[in-house]
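Here the structure comes first, spelled out in structure tokens, and everything after it is commentary.
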Amino acid sequence: MEHPHPRRFLQDRACGRGDEVRFIEGDVTHLRRDEVGETDFFLDVGCFHGLTDAQRAAMGERLTAVATREATLLVLAFRPGRRPLLPRGASRTDVGSTFPGWAVTDEEPADVTGMPGPLKRTAPRWYRLRRTSPTRPATAGP
């Protein structure tokens, strides 16, 4: 059986449990507070580790601009490396240095059960970041 669009699947699951959740799907390099409001949780399952340095900087700035003071960010990233047809990956340093006013609080290997061999060899890791600074960057805009 094919799953519906991932966002729809998560929305249905949250609603089925009675959770009050609002899902936002958008370009992480162009998030605007006046469009999405303030957000307290971000989940990145494979976006960050494929972005260019400029896109990563924009993502860090834009997430910070829409994040609440208590926000959490979870990032899944492949280990850095050159692999044909796969994202370039990201290290803990890459993740930690990209988000102004955030700190990496946890890091652990991702479960690779069921992944094809080439993806297992990317040694994916989960990174949890928390806001450490209540102020937004000066260039964050609305």
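These numbers come from a predicted model, not from an experiment.
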Tell me, do T68 and R131 make a side-chain contact under 4.5 Å, heavy atoms counted? no
If Ile, Leu, Val, Met, Phe, Trp and Tyr residues are connected whenever their side-chain heavy atoms lie under 4.5 Å apart, and connections chain through other members, are W126 and L86 in the same group? no
Under 3.5 Å, sequence neighbours excluded: what are the donor-acceptor pairs made by side chains of residues 113-121?
residue, atom, partner, partner atom, Å
T113, OG1, D111, OD1, 2.6

Residue pair T98 / M59, side-chain heavy-atom distance below 4.5 Å: no
In the structure I gave you, are the side-chain heavy atoms of E38 and R69 within less than 4.5 Å of one another anywhere? no
Measure from the side-chain N and O atoms of R130 to the backbone N and O of E70, and report whether any donor-acceptor pair falls under 3.5 Å. yes
Does the ring centre of F48 sit less than 6.0 Å away from the ring centre of F78? no
What I'd like to find out is whether the side chain of T72 reaches to under 4.5 Å of the side chain of F42, using heavy atoms alone. no
When you compare the side chain of V75 with that of L129, does any pair of heavy atoms fall below 4.5 Å? yes
What I'd like to find out is whether the side chain of D106 reaches to under 4.5 Å of the side chain of Y127, using heavy atoms alone. no
Is it true that W102 and T64 share a donor-acceptor pair across their side chains at a distance under 3.5 Å? yes
Residue pair R88 / H49, side-chain heavy-atom distance below 4.5 Å: no
